[in-house]
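Structure first, then comments.
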Amino acid sequence: MTDALAQALRLLADHGDARPWLAKARDEGSLMAAALLDAVAGEDERNAYDAPRAFEVFIRAGGNPPLYTAVSAALARLYEQLGVRCLLDIGVGDGMALLPALGQTRRAPNTVDVIEPSGLLDALRPRLPAGKAWQLTLQAFLAQLAPERRWDLAQATFALQSIAPGERLAALKRLRRHVTRLAIVEFDVPAFKSADERFASLARRYELAARGYDDEAALVAGGFLAPMLLGQLRATTPSNYEQPIAAWQDELVRAGYRVAATTHVHDYSWAPAWLIVAKA
Ligand SMILES: C[S@@+](CC[C@H](N)C(=O)[O-])C[C@H]1O[C@@H](n2cnc3c(N)ncnc32)[C@H](O)[C@@H]1O
């Protein structure tokens, strides 16, 4: 089933007609193929974060609860170790990683500012402690930021992968002037030797992700995973510019940071999640 899906992904990436392969994969039982067929039929330009319900279900079920438990615990420990007073969360989503971290740390920051471009911020606003929320991308936020604004720690959990690499490097360089440390949590996805290997891996991992949702699989696959996968294949927004953890470390170094620690956080079906803490 994922062989046919992988063939379809290759065609989608090349803007070819993937429908026969998608139909084959769907008939073999692929949830992602069914969702992609719908998306292609509707020439769907949905943003993965514009259907907040699908993303909210996605991160609250499947393999995500233990992942987020581990991420929040790692962040909570970090606030204690570093004595963080001013915290900035970049691409905070609806606070799934941030709020439990703040709830369990023994040294909560005095102010918590957040940036989130999508409507996910609406759900978070009423639950935020002292601080400010900007509905902006990181790039737009940095463009309007006063030169003297500073945070002890900026954190970004699974958010920097949403930004195209060129823009991301520029933003990370700019951010460096405003933070003492940057902590990122990202997946250590494999490096691929060939395009075929990449399409096979994407087919396998997206299908596995969709399978964890029982009755809500169609919502998650159609409303979140399919737009994300299409963006990733076609390098359009929304996308997932994921990379191996070694590449994240290199990117931080290229942006002028010094990597202080890289710690394994959780083995997730998609790929293992790691925390990188870097000094600005
Ligand atoms: C996978 S979600 C992670 C959300 C949250 N950090 C968490 O761990 O649950 C990626 C987030 O990055 C946000 N995002 C996308 N593009 C962004 C950008 N250019 N700047 C900041 N955040 C962005 C999305 O809206 C989304 O909320």
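It should be emphasised that the depicted structure is a prediction, and the values quoted were computed from it without experimental measurement. Position 1 is the first residue of the sequence; numbering continues from there. Counting convention: from 1, in listed order, for ligands and their atoms alike.
Checked against side-chain contact (heavy atoms from CB on, under 4.5 Å), E148 has the following partners two or more places apart in sequence or in another chain: A146.
The shortest N or O to N or O distance between L120 and ligand 1 is not under 3.5 Å. Checked against a 3.5 angstrom limit, the closest N/O atoms of L138 and ligand 1 fall inside it. Any N or O atom pair closer than 3.5 Å counts here, and T157 shares at least one such pair with ligand 1. On a distance-only criterion, T137 and ligand 1 share no N/O pair closer than 3.5 Å.
Looking at F224, F141, F158, Y68, it is Y68 that brings a heavy atom closest to atom 7 (C) of ligand 1. Between Q161, E167, R168, E116, it is E116 that holds the heavy atom closest to atom 24 (C) of ligand 1.
Contacts with ligand 1 closer than 4.0 Å are made by side-chain heavy atoms of P117 only, the backbone lying farther away.
When each atom of ligand 1 is checked for a heavy atom of I163 under 4.0 Å away, the hits are 18 (C), 19 (N), 20 (N). Residue Q139 approaches ligand 1 through these ligand atoms, each under 4.0 Å from one of its heavy atoms: 18 (C), 19 (N), 20 (N). Ligand-side atoms of ligand 1 in range of A159: 10 (C), 12 (O), range being under 4.0 angstrom from any heavy atom.
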Worked verdict on D94 versus R60 for salt bridge (charged side-chain N to carboxylate O under 4.0 Å, His left out): CA-CA 11 Å; D94 62 357; R60 280 173 179 74; 3.0 Å; yes
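A donor-acceptor pair under 3.5 Å is formed between the side chain of H178 and the backbone N or O of R149.
Under the 3.5 Å distance criterion, with hydrogens and angles disregarded, no donor-acceptor pair is assigned to the side chains of Q249 and Y257. Between S30 and R26, the side chains place no donor N or O within less than 3.5 Å of an acceptor N or O (distance only, hydrogens not considered). The closest side-chain donor-acceptor pair between E251 and Q243 falls under 3.5 angstrom.
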Under 3.5 Å, which donor-acceptor pairs link side chains of residues 268-280 to any protein atom two or more places apart or in another chain?
residue, atom, partner, partner atom, Å
Y268, OH, N64, OD1, 3.1
Y268, OH, N64, ND2, 3.2
W270, NE1, E242, OE1, 2.8

